[in-house]
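To start, the structure itself, in structure tokens.
Whatever order the structure lists ligands and atoms in, that order sets their numbers, starting from 1. One-based numbering along the sequence shown. What you see below is based on every heavy atom in this structure, not just the backbone, and it leaves out hydrogens, waters and symmetry mates.
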Amino acid sequence: MEKTFGDLGVATPIVEALAARGVEYPFAIQQLTLEDSLAGKDVCGKAETGSGKTLAFGVPAVQKIAAQNSESIGGLILVPTRELATQVHEQLEDLCNAMDIKSVCVYGGANIEKQIDKLNAKADLLVATPGRLIDLLEREALSLADISIVILDEADRMADMGFMPQVEWLLRKVESDHQTLLFSATLDGAVDILVNRYQTDPVFHEVVSEEPTVEGMTHHFYAVHEMDKAKVIAAIVEPAARSIVFCNTKRNCDRLTKELENLDVEAVTIHGDLRQRHRETAIKKISEGTAKVMVATDVAARGIHVDDVQLVVHFDPPEDHKTYLHRSGRTARAGHTGVVVTLSLWDEELTTKRLQKRLNLEQDIKKVFSNNPELGSLVAD
Ligand code: AMP
């Protein structure tokens, strides 16, 4: 019998706030971890983006901080990117309201003075990227003296992005008695070091079924011409309400977005060179449906959660099979079907063939031009 949030120990105001936004049944990672984390244990969870891990660590954080009733920050959530910081903060805001605590979100690339003002007003839960938090501590803009819970979200990404020294520096600064929750898609290498050094008798939980697999998706492989590529994309995305197109470089992202706009396709770009405000607007547009195509690099797309993606297009063939699965996993979520299209230029076909072999998806790479009617009917509208 699956337990409800209440059965797992979640406080009634939080249960009600979750129900008010349609979250009534705990996802697997929440079923697995909530009892332990609410009981105050250190938990190490292996889980991917989209598995529901934000609530798995957010609920215990909110509940613990509310019970603690301290004057300064009681909980710290460290995340690798500013997008993830905003998303975590937003996902927890109504729970914080329900428990009468305040969450503040700080990240680099935004005005630090404004963040300091917010911290001064009231902050119980802090969602932060490592670099900005260090800046703020150096300016003595906040205190970590009352922290009772620390969360490391996407620890593997923080390691990949080279943040381990900062993360460890910060963890050493938390000297109060506290509980540590760690969530990561992989638990080896640098993450394993964090677990060993900064967690005490952690309970391990893993959600196996959330790994992206090729099942549940329809895969198409097309050989296209350079000059016709943007038009091919325009034809493919036409019937889909929401698509993500992955490019290998920022330059390709920018160029494709312009070309799509010239073809009257509403597209937004997400890559690392863009200003924070631009990125936020882009995410808002795609979530609200005012743009139907998000053009992104792999790194920029990490940690960004967009629901109901019907179509994923690999504008450039992905680097390897893992990237293919990761990108394609943006569609066919939560039991929905999804369509995945990979485009190859003539000199990329060999790479694509190798990729297919690795994925066990050996099929023809079909030569197409943008006026092929097949392209407009890949996604059922
Ligand atoms: P996350 O992996 O935390 O980014 O969550 C992915 C998405 O699933 C978010 O939109 C959450 O609001 C949603 N979600 C998380 N847990 C549940 C749940 N138990 N029931 C329904 N939706 C959920």
Item to complete: With sequence neighbours excluded, tell me which residues meet salt bridge (charged side-chain N to carboxylate O under 4.0 Å, His left out) with D7.
Response: none
Do ligand 1 and [X] have nitrogen or oxygen atoms that lie under 3.5 Å from each other?
| X | result |
| --- | --- |
| F5 | no |
| E24 | no |
| Q30 | yes |

Can you list, pair by pair, the side-chain donor-acceptor contacts under 3.5 Å of residues 13-23, counting residues two or more places apart and other chains?
unit_1, atom_1, unit_2, atom_2, d
R21, NH1, Q91, O, 3.0
R21, NH1, D94, OD1, 2.7
R21, NH1, D94, OD2, 3.1
R21, NH2, Q91, O, 3.3

Do [X] and [Y] meet the criterion of a side-chain donor-acceptor pair at a distance under 3.5 Å?
| X | Y | value |
| --- | --- | --- |
| H219 | Y324 | yes |
| H314 | S344 | no |
| T257 | D254 | no |

Which of the ligand 1 atoms, numbered from 1, are nearer than 4.0 Å to a heavy atom of [X]:
| X | answer |
| --- | --- |
| L55 | 15 (C), 16 (N) |
| G52 | 1 (P), 2 (O), 3 (O), 5 (O), 15 (C) |
| Y25 | 18 (C), 19 (N), 20 (N) |
| T54 | 1 (P), 3 (O), 4 (O) |
| P26 | 19 (N) |

Fill in: Proximity winner for atom 22 (N) of ligand 1, if only heavy atoms of F183, F27, F57 are counted
F27
Fill in: Q87 contact mode with ligand 1 (heavy-atom cut-off under 4.0 Å)
neither
Worksheet item: Under a 4.0 Å N-O cut-off, is there an ion pair linking E266 with K285?
Response: no
Worksheet item: Would E113 and R139 pass as an ion pair if we require N to O under 4.0 Å?
Response: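 Yes, charged N to carboxylate O under 4.0 Å.
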